[in-house]
Amino acid sequence: QVQLVETGGRSVQPGGSLTLSCAASGGTISNSIMAWFRQAPGKEREFVAAGARRGGNTWYADAVKGRFTISKDNAKNMLTLQMNSLQPEDTALYYCAAGSRVILSAIRSTSAYDYWGQGTQVTVSS
């Protein structure tokens, strides 16, 4: 069973940058699509970004495109999310997710993923 642990969340001022990391254990992520989701208080969990099983294909939510960069290192079993130009609306609990049976048409759906981390809090505020 794959276990995912997110780190790197903290408070940051608007316009700032932050890097989140997700360490996977208990299995390899090379056969999994991995993604970041986020959930703000009172809102549903939403897709942020995803990285392909192998190769460099990535997918982003429109709200973060051009500001966030997802990276998947299969050798290190690690997923990262570089976040730049952070805004207050980026404030949320950020989750790492992995799925070995994710199909591309469902890549933005929470139900497509089998494994989830516990989340790391990102707060953007002045």
Side-chain angles (χ1 to χ4, degrees):
Q1 177 136 351
V2 175
Q3 294 180 328
L4 305 173
V5 178
E6 305 97 332
T7 56
R10 61 177 176 87
S11 294
V12 64
Q13 291 188 339
S17 297
L18 203 57
T19 300
L20 304 182
S21 297
C22 173
S25 61
T28 179
I29 66 171
S30 61
N31 293 325
S32 298
I33 285 181
M34 295 193 70
W36 289 97
F37 286 77
R38 66 186 183 186
Q39 188 167 17
K43 294 188 177 181
E44 292 188 353
R45 194 170 298 187
E46 64 175 4
F47 172 79
V48 175
R53 291 177 176 84
R54 297 179 182 85
N57 285 354
T58 55
W59 298 265
Y60 295 94
D62 288 343
V64 307
K65 200 173 295 183
R67 299 189 298 123
F68 291 10
T69 302
I70 189 171
S71 298
K72 185 172 179 275
D73 189 329
N74 288 335
K76 295 182 178 179
N77 254 15
M78 184 77 70
L79 184 74
T80 61
L81 184 68
Q82 173 67 43
M83 304 185 294
N84 297 325
S85 301
L86 284 162
Q87 300 302 317
E89 52 266 34
D90 295 316
T91 295
L93 190 60
Y94 282 72
Y95 294 92
C96 173
S100 60
R101 298 166 293 177
V102 179
I103 58 175
L104 294 185
S105 61
I107 204 165
R108 291 172 172 79
S109 173
T110 57
S111 62
Y113 296 86
D114 303 311
Y115 303 105
W116 292 84
Q118 81 291 346
T120 186
Q121 179 67 39
V122 173
T123 302
V124 185
S125 173
S126 56

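If you're wondering where the values come from, they're calculated on a predicted model, not measured in any experiment.
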Cut-off 3.5 Å, side chains only: do S125 and T123 have a donor facing an acceptor? no
Are a donor atom and an acceptor atom from the side chains of S126 and Q13 found within less than 3.5 Å of each other?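 Result is no, nothing qualifies.
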If you compare all heavy atoms of Q82 against all heavy atoms of S17, which two are closest, and at what distance to 0.1 Å?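 Minimum heavy-atom separation between Q82 and S17: NE2-CB, 4.0 Å.
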Of all heavy-atom pairs between A24 and L4, which one has the smallest distance, and what is that distance?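 Minimum heavy-atom separation between A24 and L4: CB-CD2, 3.7 Å.
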Which disulfide (SG to SG under 2.5 Å) pairs, counting each pair once, include a residue from residues 20-126, with sequence neighbours left out?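 Those involving residues 20-126 are C22-C96.
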Straight-line distance of [X] [atom1] to [Y] [atom2], nearest 0.5 Å:
X: K72; Y: L79; atom1: NZ; atom2: CG; answer: 8.0 Å
X: T80; Y: L20; atom1: OG1; atom2: CG; answer: 9.0 Å
X: Q39; Y: Q121; atom1: CD; atom2: CD; answer: 10.5 Å
X: M78; Y: D73; atom1: CE; atom2: CG; answer: 8.0 Å
X: E46; Y: E44; atom1: CD; atom2: CD; answer: 10.0 Å

Whether Y94 and F68 hold their rings parallel, tilted or perpendicular, with breakpoints at 30° and 60°: tilted
So, do [X] and [Y] sit near enough that their side-chain heavy atoms are less than 4.5 Å apart?
X: R54; Y: N31; result: yes
X: V2; Y: W116; result: no
X: Y113; Y: I33; result: yes
X: T58; Y: T69; result: no
X: Y60; Y: R67; result: no
X: W59; Y: L104; result: yes
X: T7; Y: T120; result: no
X: F47; Y: T110; result: no

Measure from the side-chain N and O atoms of [X] to the backbone N and O of [Y], and report whether any donor-acceptor pair falls under 3.5 Å.
X: N77; Y: S25; result: no
X: E6; Y: G119; result: yes
X: Q118; Y: V5; result: no
X: Q87; Y: S85; result: yes
X: R53; Y: S100; result: yes

In chain order, what residues pass the side chain to side chain contact (heavy atoms under 4.5 Å, CB included) check against K43, with sequence neighbours excluded?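 Scan of K43 (side chain to side chain contact (heavy atoms under 4.5 Å, CB included), adjacent residues dropped) gives A40.
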Indicate if [X] and [Y] have the same hydrophobic cluster label, given that clusters are the connected sets of ILVMFWY residues with side-chain heavy-atom separations under 4.5 angstrom.
X: V64; Y: M34; answer: yes
X: V122; Y: F37; answer: no
X: L18; Y: Y95; answer: no
X: V102; Y: W36; answer: no
X: V12; Y: L81; answer: yes

